[in-house]
Asker: 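Structure incoming, see below.
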Amino acid sequence: MSQRRLPWFEKYRPRSLKDVVNQEEAKKTMEDWVRRWLDGKERRALLLSGPPGTGKTTMVHALAHDYGLELYEMNASDVRTAARIREVVGKALNQGSLFGFRGKLVLFDEVDGINVKADQGGISEIVDIVKEAKVPIAMTANDPWDPKLRPLREACIVVQVRPLKNRDILEVLRRICSAERVKCDDDALKLIAESSMGDMRSAINDLQLVAETGPVTRDRVSLLSSRAHQYDMFRVVDMVLKANTVSSATAVTRLPSFDWESLMLWLTENAAVAYSSSVGALSDAYDNLSRADVLRGIMVSKQEWELMPYLLELMTAGVALVRNKPKLPFFIRGMRFPEKIRLMARTREVRETRDRVMHMLRTQLHESSSTIIRDYIPLVRILAQRDSKIINTLARALGVSEGSVKLIINPESAEGQGE
Ligand SMILES: Nc1ncnc2c1ncn2[C@@H]1O[C@H](COP(=O)(O)OP(=O)(O)OP(=O)(O)O)[C@@H](O)[C@H]1O
Ligand SMILES: [Mg+2]
């Protein structure tokens, strides 16, 4: 990939911890932790949890860089089962073990992506691996209160990574503008920083999008960033649930990236979590959500978009202003990602991996997809049943993970993972 095409958030990803802005507490905890490991005084793993785009993955990479550690990573497209995790830890332990675990760091990125349903008992097995491992393991997750991660949290040192402050984001945006020699209005940068809600990746993406299509002015930012932006839904849902007036509840609908369909799913999933202690609140919230859903049906099928304001008010104010509303804590525990969205994302991951491997096979074999599916794959499947080493050989030849090859030769089992 040429430098020009590289996304800026990658191009300007800090290599060293000293270039990571803010997150001082997390950095210190991580450094102390790795030093204790190197001194043989620590056995526990580390779990970094916090919202997207705040530096979790970056800090683990930077830690490895600063301490000269070799990083063994489980990447996002890996099918994350206990067996696969065992394999990565095993590799880290056994390869070039001249210095034992010294000089190695294992990263399990986005552990909340572990599919508990498809891999029953998965988490407890992972907890065992993590407890017994003789290498330092760092993990990342978005949602610190995900109930399925609880046993893992208990076995780890947990580091809270906070949303970044506007001024931290502004600092990085200014730095990028001067490195790229782009003239940027400071007002425009401030607006990008404000609407990123602490997510550095999305702020940098917004800046790149605006800068590559014209001058970076406040007007163009408000026009363009709204399309590119994805808010942290946990924050938006939290804002709605904690609102005490109609106007504060409906305020979220004016956020540049507002996405009413997602918010409806998120509220439907999480109102029950927030109001579990009050029957009155629950019944009012779900009454209003179901009315909103009826409106949605009419609006979409009859294309009557003028119903939208009523729908928005019902799904926000209707959920915020309820009878016997319980007092909500600063962190509403147990808030979760809507299952429906999670399911769709998972099958997308499978589809994307499959398309990528097929593309490689097509270019290397000079055959069409249909020929590959008809003639080659069944053959590989039979060979793999007789000797599973062939999967590894093929994965190496194609430069993909074994998981990806398995996905191609056993589509049914991969699909099953997504269900
Ligand atoms: N604290 C920071 N200082 C400087 N740059 C940052 C910081 N946090 C994030 N970034 C920028 O944002 C990009 C994304 O960060 P990173 O991948 O570490 O996020 P993350 O916390 O792992 O998010 P996710 O939960 O979505 O995986 C980085 O490539 C980097 O350019
Ligand atoms: Mg990450």
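Counting starts at 1 for both ligands and their atoms, in listed order. Given the structure is predicted, the values throughout are model-derived calculations rather than measurements.
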Asker: Side-chain donor-acceptor contacts of residues 182-193 below 3.5 Å, not counting sequence neighbours, with atom names and distances?
Answerer:
from, atom 1, to, atom 2, distance (Å)
D186, OD1, R174, NE, 3.0
D186, OD2, R174, NH2, 2.8

Asker: Salt bridge or not for D293 and R296, using N-O below 4.0 Å?
Answerer: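 A salt bridge links D293 with R296.
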Asker: What I'd like to find out is whether the side chain of W33 reaches to under 4.5 Å of the side chain of L63, using heavy atoms alone.
Answerer: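 Touching, per the 4.5 Å side-chain cut-off.
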Asker: What do the steps show when you test R35 against D32 for salt bridge (charged side-chain N to carboxylate O under 4.0 Å, His left out), and what is the final call?
Answerer: CA-CA 5 Å; R35 284 201 203 106; D32 289 348; 3.6 Å; yes
Asker: Got a sec: does the CZ of R150 have more than 12 other heavy atoms crowding it under 6.0 Å?
Answerer: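 No - once you tally the heavy atoms of other residues, nucleotides and ligands closer than 6.0 Å, there are 12 at most.
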Asker: Tell me if the CD atom of E31 is crowded by more than 12 foreign heavy atoms within 6.0 Å.
Answerer: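 Atom CD in E31 is crowded, with more than 12 foreign heavy atoms closer than 6.0 Å.
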Asker: Under a 4.0 Å heavy-atom cut-off, what residues line ligand 1?
Answerer: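 F9, Y12, R13, P14, V20, V21, P52, G53, T54, G55, K56, T57, T58, E110, N142, L164, M200, R201, I204.
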Asker: Report yes or no: does T57 have an N/O/S atom closer than 2.8 Å to the Mg ion (ligand 2)?
Answerer: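 True for T57.
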